[in-house]
Amino acid sequence: MCTPALAASQPHLSLMAVGELRDVLTALELGQGPTAVAGLMAIDAESWQAIEQRLAAVGGDLRAVLQAASVGAPVLPHLA
């Protein structure tokens with residue numbers, strides 16, 4: 001678990017960004033590229049940092065997640 005000092009220094013992932021990312025992944029699964037791009041553009045900078053840090057912590061990166069979602073493959077297969 002994070003200490004208060006460590007948690008305060010980490011970027012915050014907003015609930016709106018979580019919803020946008022979920023919608024992006026759904027749009028990719030449905031082959032709706034322009035909708036996915038619009039959703040990605042709606043995510044704020046601090047949430048992007050939080051997303052990147054969390055993906056890196058589990059051995060992933062955003063590009064790999066988006067590519068996997070676009071072809072219906074497991075997003076982080078090494079965690080399955």
Apply the test side chain to side chain contact (heavy atoms under 4.5 Å, CB included) to residues Leu55 and Asp61: give CA-CA distance (whole Å), side-chain angles for both, the deciding distance (0.1 Å), then the verdict. CA-CA 6 Å; Leu55 283 172; Asp61 65 72; 5.7 Å; no
Interatomic spacing from OG in Ser47 to NE2 in His12 - rounded to 0.5 Å: 6.5 Å
If you round to the nearest 0.5 Å, how far is CD of Glu20 from CD1 of Ile51? 10.0 Å
Hey, are the side chains of Leu66 and Leu40 touching, using non-hydrogen atoms and a 4.5 Å cut-off? yes
Is any side-chain heavy atom of Ser14 less than 4.5 Å from a side-chain heavy atom of Glu46? no
Trace of the side chain to side chain contact (heavy atoms under 4.5 Å, CB included) decision for Thr35 with Thr26: CA-CA 10 Å; Thr35 301; Thr26 300; over 6 Å; no
Could you go step by step and tell me if Val65 and Leu25 meet the side chain to side chain contact (heavy atoms under 4.5 Å, CB included) rule? CA-CA 9 Å; Val65 167; Leu25 296 175; 4.1 Å; yes
Within the structure provided, determine whether Val37 and Met41 are in side-chain contact (heavy-atom separation under 4.5 Å). yes
Can you tell me how far the CD atom of Gln49 sits from the CD1 atom of Ile43, to the nearest 0.5 Å? 13.0 Å
Path from Val71 to Val24 over hydrophobic side-chain contacts below 4.5 Å: no
CG/Leu21 to CH2/Trp48 distance, rounded to the nearest 0.5 angstrom? 7.0 Å
